[in-house]
Amino acid sequence: MKNMEADVIVVGGGASGIAAAVAAAEKDASVIVIEKGSTLGGAANMGMGFFAVESKYQKAQMVDFTKEDAFKMFMEYTHWRVDARLVRKYIEQSASTIEWIESMGVEFLNSYKYFEKSKQTWHVVKTKGSNAPAERAASNMFKALTDRAEELGVEICFKTKAKKILMENGHVTGVLIENADGETAEALCSCVIVATGGFGDNPDMIKENMGYEWGKDLHSFRIPGVAGDGLKMMWEVGGAKTQPNMELTYTTPGVTDVFKTISETMRQPNLMVNLDGLRFINEEIMNNTVYTGNAISRQRERVAFTIIDDSIIDDYRKKGLDYITFHHNIKTVDKWDQEVETYLSGKETEASGLSILHNEEQKKTRNFFAADSLEELCNQTGINLENLKATIKEYNEGAGSYDNFFFKNHKYMRPIKGKKYYAARHFPAGYGSLGGINVNDKMEVLNEKGFKIPGLYSCGTDACNIFGDSYCFLLPGNTMGFAVNSGRMAGYNAVDYIDSDDFIE
């Protein structure tokens, strides 16, 4: 394996990495992308779109939500515990990034909300031949970014690992790389941009940094190969570690993204209890999966159950579901009986979305239950029977009128009467880690004293410290939005550094 040389080396070819590579190449830098997989775009290929404010789509839809509004909401949501300069630059650039992506031949459907109380900031990529939101639509965008990178002369090294960041006199000089045959070489450069996607596929790092035991009290999506390599390399050369977090949501393992009608029905704003049979949430917020995931994570064994009965199913048969997501677009319970029979009989069904990444692990334990009595339901689920009976009695007394406990809207207070009961067991979930390395508003990696490490940049998930303790789902599209925009910022800023008086040959 021969040594290589370029102005900029990008480690990782996911959403932020390929964006960084294109941005740097557009400023006439020579760029090499080191990607240990065989494709670009990474986990973002499974997504649908990203965040922007004051885009031409929002203006055409007369969306009354400005950059100033978004900035204020973001900073209030995080209690100003994040880098306000970085948040401001990200939001400011977001609309132009839509046009930047469009310049590569990508089309967008429009801007959308993700749920009723969120803002209309999610710009969904158009799938050719369709005018409806579609899963994996964003893969079209990353194909276009790849084509643009190749057009600009970016060299992409697939199945190649970055092993170590090379330094000399405190400055970055390159990356030690290894190919699939185990041969090593040096990729020399003026700047390194690390965009390796965090450590969502590393249970040890998840437990060490966040305290969850994957597969037991956390069922996050595991993107193969996203093992924290980039973070470790940056920490080794003096990059300051930040407290990693997760875009926490919730899931029903073996059901979510597999049995979509069951999943969406059991995520409606009906009764939710913990193992002690007690309510702990105003179920009206359940369409904000971040809030729900946070609440579940505080319960004993980090588990919770939604419970409905046949009367609620009958109501949904007549009126349709309360909450409908663009992601799954399940509006009715027409397939309820079919899916329930399939699930309870243990028959195989086809997974979709990100669940295909760990479908076998999700099937090991039953997480959806049907019973002819509360006694039978509690026997299956482990819920405290006496407490559940008392909770249902109290809940039913407020049904159709007023929730004296958590003040839920009366229209969602459907009584639990039987004869058939259904329960779904939910766990915290997420889309991998967030953050871990400290950066400034130029995406430059900082050391423990807050000074930049010359020539070292990071973007995307590795550097995503902007959400504080909880992903801001009120502004949907932010994960991919930060990835693409921070990658673009890192690429431009790296070249500006090379061209500046601060750069040392």
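This chain uses plain numbering: 1 for the first residue, then up along the sequence. Note that these values count all heavy atoms, side chains included, but never hydrogens, waters or copies made by symmetry. Here the structure is a predicted model, which means the values were calculated and not measured.
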ask   = Less than 4.0 Å between a side-chain N and a carboxylate O, is that true for Lys89 and Glu92?
value = no
request  = State whether a side-chain donor-acceptor pair under 3.5 Å links Asn438 with Thr242.
outcome  = no
For the student: nearest non-hydrogen atoms of Thr289 and Arg267, plus distance = CG2-NH2, 3.3 Å
ask   = Closest approach of Ala21 and Val33, non-hydrogen atoms and distance?
value = CB-CG2, 3.6 Å
Side-chain (Asn367) to main-chain (Thr365) donor-acceptor, under 3.5 angstrom = yes
key: Any side-chain heavy-atom pair of Ile34 and Val10 under 4.5 Å   = no
Step-by-step side chain to side chain contact (heavy atoms under 4.5 Å, CB included) determination, Leu86 to Met443 = CA-CA 8 Å; Leu86 177 54; Met443 310 313 301; 3.6 Å; yes
query = Charged N to carboxylate O under 4.0 angstrom, Glu99 versus Lys56?
reply = no
note = With sequence neighbours left out, the residues meeting ring pair (Phe, Tyr, Trp, His ring centres under 6.0 Å) with Phe427 are His219
Residues Met480, Met48; criterion side chain to side chain contact (heavy atoms under 4.5 Å, CB included); working and verdict = CA-CA 9 Å; Met480 192 185 299; Met48 297 171 66; over 6 Å; no
message = Nearest 0.5 Å, please: how far is CD in Glu168 from CG in Leu166?
response = 10.0 Å
Note, Val194 side chain near Val192 side chain (heavy atom, < 4.5 Å) = yes
Ser297 versus Asn294, side-chain donor and acceptor atoms under 3.5 Å = no
query = Does Thr121 reach the main-chain N or O of Ala52 with its side chain, forming a donor-acceptor pair under 3.5 Å?
reply = no
task = Could you tell me the separation between the CD1 atom of Ile437 and the CG atom of Leu446, rounded to the nearest 0.5 Å?
result = 8.5 Å
inquiry  = Is it the case that the side chain of Asp201 and the backbone of Ala227 share a donor-acceptor pair, with hydrogens and angles ignored and the cut-off at 3.5 Å?
reply    = no
Pairing residues for Lys126 by the side chain to side chain contact (heavy atoms under 4.5 Å, CB included) criterion, not counting sequence neighbours = Glu107, Leu109, Asn131
task = Assess whether atom NZ of Lys67 is packed by more than 12 heavy atoms of other residues, nucleotides or ligands within 6.0 Å.
result = yes
ask   = Should the pair Asp229-Lys36 be classified as a salt bridge under the 4.0 Å nitrogen-to-oxygen rule?
value = yes
key: Ala494 to Val8 - nearest heavy-atom pair and separation   = CB-CG2, 4.5 Å
Enclosure of Glu116 CD (heavy-atom neighbours >12, cutoff 6.0 Å) = no
ask   = Does the side chain of Val172 come within less than 4.5 Å of Ile165's, by heavy atoms?
value = yes
query = Ignoring hydrogens and geometry, is there a side-chain-to-backbone donor-acceptor pair from Asn209 to Met205 under 3.5 Å?
reply = yes
task = Name all pairs fulfilling the side chain to side chain donor-acceptor pair (under 3.5 Å) condition that reach into residues 15-35, sequence neighbours left out, sorted by first residue then second.
result = Asp7-Ser30, Glu26-Trp100, Glu26-Tyr492, Lys27-Asp496
inquiry  = Are Ile98 and Phe108 packed together at the side-chain level, in the sense that at least one heavy-atom pair is separated by less than 4.5 angstrom?
reply    = yes
query = Can we say Lys260 and Glu264 salt-bridge, meaning some charged N sits less than 4.0 Å from an Asp/Glu carboxylate O?
reply = no
message = Return the CZ to CG distance between Arg300 and Leu278, rounded to the nearest 0.5 Å.
response = 9.5 Å
ask   = Does Phe451 CZ have over 12 foreign heavy atoms under 6.0 Å away?
value = no
message = Taking the side chain as everything from C-beta on, heavy atoms only, tell me whether Met210 gets closer than 4.5 Å to Met246.
response = yes
Distance-minimising heavy-atom pair for Arg85 and Asp83 = N-OD1, 3.0 Å
key: Gap separating the CG atom of Asn274 from the CZ atom of Phe280, nearest 0.5 angstrom   = 6.0 Å
key: Asn485 and Gln93: side chain donor to acceptor below 3.5 Å   = yes
remark   = To the nearest 0.5 Å, atom NZ of Lys232 lies from atom OG1 of Thr196 at 10.5 Å
ask   = When you measure from the side chain of Tyr323 to the backbone N and O of Glu284, does any donor-acceptor pair fall under 3.5 Å?
value = yes
request  = Evaluate side-chain hydrogen bond (donor to acceptor under 3.5 Å, both in side chains) for Glu54 paired with Thr66, printing each intermediate quantity in order.
outcome  = CA-CA 6 Å; Glu54 292 190 24; Thr66 66; 4.5 Å; no
query = Ignoring hydrogens and geometry, is there a side-chain-to-backbone donor-acceptor pair from Asn288 to Ile285 under 3.5 Å?
reply = no
message = Under the criterion side chain to side chain contact (heavy atoms under 4.5 Å, CB included), I'd like the reasoning laid out for Arg488 against Thr97: C-alpha separation, chi angles, the key distance, then a yes or no.
response = CA-CA 8 Å; Arg488 190 181 175 203; Thr97 297; 2.9 Å; yes
Closest approach of Cys191 to Tyr497 (non-hydrogen atoms, all atoms of both residues) = SG-CD2, 3.4 Å
Summary of salt bridge (Lys or Arg N to Asp or Glu O under 4.0 Å) pairs that have at least one residue in residues 234-251, sequence neighbours excluded = none
inquiry  = Any side-chain to backbone donor/acceptor pair from Asn140 onto Ala137? Under 3.5 Å, distance only.
reply    = yes
task = Mind running side chain to side chain contact (heavy atoms under 4.5 Å, CB included) on Ser220 and Trp214 for me, showing each step along the way?
result = CA-CA 7 Å; Ser220 56; Trp214 193 91; 3.2 Å; yes
request  = Not counting sequence neighbours, which residues clear ring pair (Phe, Tyr, Trp, His ring centres under 6.0 Å) with Tyr77? List them please.
outcome  = none
message = So does Val63 get a backbone contact from the side chain of Gln58, meaning a donor-acceptor N/O pair under 3.5 Å?
response = no
key: Arg425 versus Thr252, side-chain donor and acceptor atoms under 3.5 Å   = no
key: Side-chain heavy-atom pair Ile206, Phe199 within 4.5 angstrom cut-off   = yes
request  = Assess the side chains of His426 and Thr251: does a donor N or O sit below 3.5 Å from an acceptor N or O?
outcome  = no
note = Taken in chain and number order and not counting sequence neighbours, the residues that satisfy ring pair (Phe, Tyr, Trp, His ring centres under 6.0 Å) with Tyr114 are Trp122, Phe473
query = Should we count CD of Glu68 as having more than 12 external heavy atoms under 6.0 Å?
reply = no
inquiry  = Quiz question: by atom type and distance under 3.5 Å, do the side chains of Asn478 and Tyr90 form a donor-acceptor pair?
reply    = yes
request  = Hey, could you give me the CG/CD distance between Asn465 and Gln243, rounded to the nearest 0.5 Å?
outcome  = 10.0 Å
inquiry  = Quick one: does any side-chain atom of Asp217 pair with a main-chain N or O of Gly211 as donor and acceptor, under 3.5 Å?
reply    = no
task = Identify the heavy atoms of Met233 and Lys163 that sit nearest to each other, and give their distance.
result = SD-C, 3.5 Å
Aromatic contact, Tyr250 with Tyr291 (centres under 6.0 Å) = no
request  = Compute both the distance and the angle, then confirm whether Arg88 meets the cation-pi test with Phe74: under 6.0 Å from the six-membered ring centre, within 45 degrees of the axis.
outcome  = no
query = Distance-only, no hydrogens or angles: does the Glu444 side chain make a donor-acceptor pair with backbone N or O of Tyr457 under 3.5 Å?
reply = no
